[in-house]
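Please read the structure below before turning to the comments.
Keep in mind it's a predicted model, so treat the numbers as computed, not measured.
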Amino acid sequence: MKVCTLVLSFFFSHVSTETLYVALYNGNISTLSLTNYADITTSANNLAKNGYFAGSAPETKYELTQVSSTKTTAQNPAWLTLNTQNNVLYLLDGTTTGNGTISSYRASPSGVTLLDSVECLIDGAHAGFYLNGIRLAVAHYTSSALQTYEVTSNGNMTPLQRFTYTMSAPGPVASRQSAPHPHMAFADPTGQYIIVNDLGADLVRVYAVNQTSGELSERESLVAAPGSGPRHGVFSRSPISVAGVNGTTQYVYYLDAEIAGTVTAYGVNYLPDQGGLQFDLIKEYTTLAPGVAMPPIGKGISGEIGLSRDGDFLVISNRRDASFNGTIQQYPPNGTSDSINTYRVRQDLGGVLDFVQTVPAGGATPRTYAMNAAENLVAVALEFSDKITILKRDRNTGMILEQVAEINVSGDPWAILWDE
């Protein structure tokens with residue numbers, strides 16, 4: 001939510017304030033406020049501080065502060081999903097013991113207020129709306145299941161369908177793939193399908209959505225590279241012209257595989273009568289910058305993946321690559337920062353990717369990030385640094401320019417989003 005006011009300093013200055021929510025694994029939701037004093041330059045206000053990777057203070061003064069901290073019903077808050085039509089925020093519990101919960105909260109710039117909470121399977125990892133926001137699909141990692149809910153405008157939730165997965169044997173990376181582990185559930189761009197990325201089974205599961213009842217019906221899965229560990233994914237904003245084929249367009253699906261540290265582009269063809277999706281391999285890429293050594297396989301490498309609204313830039317966060325050196329004060333806890341990388345989507349060449357840039361995330365383990373609606377700012381949740389950073393971005397070039405704000409948030413930040 002953005003608020004614009006006028007304040008008088010030595011002159012009138014335009015001020016804008018934006019709200020962010022952070023899920024902290026220690027049990028809390030933190031509500032943050034980012035204020036931009038657009039006409040006050042740092043040269044006049046001595047705002048330089050350690051941590052700004054551009055080598056100087058940001059051009060514009062930003063202040064990131066905590067407004068409130070709310071103890072939640074979740075043992076370990078792990079994922080946030082906001083319905084912007086009614087300001088209802090949904091929180092998944094990442095606990096791996098006892099009972100899990102999914103909770104809804106009324107969101108506001110002053111904080112969040114509990115609306116409803118229901119017991120559910122453990123270890124909720126991701127949730128996505130479908131059927132015009134009246135259904136919610138939840139991926140449960142440790143429970144090896146997909147659960148759907150009916151959700152109302154006041155945040156009430158009713159469980160609907162459940163799909164539980166099994167495997168006959170562990171996957172190639174047994175320490176991470178001893179069982180199916182759904183890591184993301186979301187709707188495709190047309191709303192006809194729910195996509196479930198399964199890290200443990202190396203599958204992208206596909207479900208057709210009945211547009212009347214909302215019921216899901218399973219279709220053939222995409223088999224990902226063995227041992228790759230599908231985590232998150234994103235579709236192109238619109239169909240892209242197929243390279244070398246005049247007049248033919250298709251969506252492209254970019255699959256982030258966290259164990260292998262890869263992003264793979266697939267052309268997607270829609271089969272008749274909601275018969276499923278056909279995925280055709282375009283190309284596989286590393287999520288790391290050129291010349292960066294691959295961390296040991298096993299723990300997650302790539303983190304979050306997202307696409308700019310114009311569809312021209314793909315942004316991926318990486319964990320454990322420690323690509324940038326600094327001080328412990330600058331990059332807690334050990335003086336190194338993991339990376340955030342940008343790729344250009346070649347819509348003129350069928351959706352292939354060109355590497356553009358690598359920048360420091362501002363610390364260790366950028367588990368998630370989120371762009372604001374204007375796409376000139378990126379908020380990064382640094383799990384092992386207990387810190388949130390705000391990075392300034394050029395919307396035209398896709399380049400991340402500098403870090404403009406940060407705040408320490410004790411408790412392992414696992415998810416972050418803007419209220420806009």
Side-chain angles (χ1 to χ4, degrees), residues 78-79 81 92-94 96 100 102 120-130 135-149 160-188 192-209 216-235 253-266 268 276-281 284 287 297-305 316 319 367-368 414-415:
W79 186 260
T81 301
L92 303 187
D93 191 344
T96 57
I102 178 171
C120 63
L121 298 171
I122 61 171
D123 205 1
H126 187 277
F129 294 108
Y130 64 102
R135 296 286 190 274
L136 190 67
V138 179
H140 289 275
Y141 185 91
T142 300
S143 296
S144 302
L146 171 71
Q147 175 73 55
T148 66
Y149 293 86
L160 297 173
Q161 291 176 280
R162 178 180 297 177
F163 301 87
T164 303
Y165 312 123
T166 59
M167 288 166 51
S168 59
V173 184
S175 62
R176 300 293 312 280
Q177 297 183 308
S178 60
H181 292 310
H183 212 309
M184 185 182 199
F186 72 111
D188 80 301
Q192 297 182 66
Y193 295 96
I194 292 296
I195 308 299
V196 180
N197 293 338
D198 190 330
L199 182 148
D202 287 323
L203 294 175
V204 176
R205 302 180 188 271
V206 179
Y207 293 86
V209 180
L216 305 186
S217 301
E218 193 164 9
R219 298 293 186 261
E220 185 176 355
S221 299
L222 163 65
V223 179
S228 60
R231 179 182 174 87
H232 288 181
V234 63
F235 282 87
Y253 184 54
Y254 298 96
L255 175 63
D256 161 23
E258 74 162 70
I259 296 176
T262 59
V263 57
T264 305
Y266 295 93
V268 182
L277 299 175
Q278 176 183 313
F279 294 88
D280 297 318
L281 176 65
E284 180 183 282
T287 65
I297 294 294
K299 294 183 179 179
I301 298 173
S302 52
E304 191 59 270
I305 184 171
I316 301 176
R319 301 168 290 173
R367 186 178 183 88
T368 56
W414 269 44

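Of all non-hydrogen atoms in I316 and S302, the two that sit nearest each other are CG2-CB, 4.3 Å. Heavy-atom minimum distance, A257 versus S228: CB-O, 3.3 Å. When all heavy atoms of Y130 and A187 are compared, the closest pair comes out as CB-CB, 4.1 Å. Shown here for A137 and A185, the closest heavy-atom pair between the two residues is O-CB, 3.9 Å. In terms of heavy atoms, S178 sits closest to H181 at OG-NE2, 4.4 Å.
For R231 (side chain) and H183 (main-chain N/O), no donor-acceptor pair under 3.5 Å exists by modelled atom type. Remark: side-chain polar atoms of D202 are paired, donor with acceptor, to backbone N or O of G229 under 3.5 angstrom. Side-chain N or O atoms of D188 include one that pairs as donor or acceptor with a backbone N or O of Y193 at under 3.5 Å. A donor-acceptor contact shorter than 3.5 Å links the side chain of S144 to the backbone of P180. Put simply, the side chain of R219 never gets that close to the backbone of Y207: no donor and acceptor are under 3.5 Å apart. Checked by atom type and distance alone, the side chain of Q177 pairs as donor or acceptor with a backbone atom of L199 at under 3.5 Å. Checked by atom type and distance alone, the side chain of T287 pairs as donor or acceptor with a backbone atom of G261 at under 3.5 Å. One N or O on the side chain of S143 and one on the backbone of I122 form a donor-acceptor pair closer than 3.5 Å.
Not counting sequence neighbours, the partners of T264 by the side-chain contact (heavy atoms from CB on, under 4.5 Å) test are T262, Y266, L281, E284. Remark: A78 engages W414 in a side-chain contact (heavy atoms from CB on, under 4.5 Å) (not counting sequence neighbours). With sequence neighbours left out, the side-chain contact (heavy atoms from CB on, under 4.5 Å) criterion links Q161 to T148, F163, E215, L216. In this structure, D256 has no salt bridge (Lys or Arg N to Asp or Glu O under 4.0 Å) partners at least two apart in sequence or on a different chain. In this view, E220 satisfies the side chain to side chain donor-acceptor pair (under 3.5 Å) rule with no residue, not counting sequence neighbours. Shown here are the side-chain contact (heavy atoms from CB on, under 4.5 Å) partners of T164, two or more places apart in sequence or in another chain: A145, R162.
Here the straight-line distance linking atom CG of D198 with atom OH of Y141 works out to 9.0 Å at 0.5 Å rounding. Note that the CG atom of L146 and the CG atom of L121 stand 10.0 Å from one another [nearest 0.5 Å]. For the atom pair OH (Y253) and CG (N197), the distance works out to 3.5 Å, reported to the nearest 0.5 Å.
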I194 vs V209, side chain to side chain contact (heavy atoms under 4.5 Å, CB included): CA-CA, chis, key distance, verdict: CA-CA 7 Å; I194 292 296; V209 180; 3.8 Å; yes
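At least one side-chain heavy atom of I195 sits under 4.5 Å from a side-chain heavy atom of V204. Between P182 and V196 there is a side-chain heavy-atom pair separated by less than 4.5 Å. Side-chain contact between K299 and R319: absent, with no pair of heavy atoms (C-beta onward) separated by less than 4.5 Å. Using a 4.5 Å heavy-atom threshold, the side chains of F279 and L255 count as separate. When side chains are defined from C-beta on, V138 does not count as touching W79, because their heavy atoms never get closer than 4.5 Å. The shortest side-chain heavy-atom distance between L203 and V223 falls under the 4.5 Å cut-off.
Cation-pi geometry between R205 and Y165 is satisfied (NZ or CZ under 6.0 Å from the ring centre, within 45° of the ring normal).
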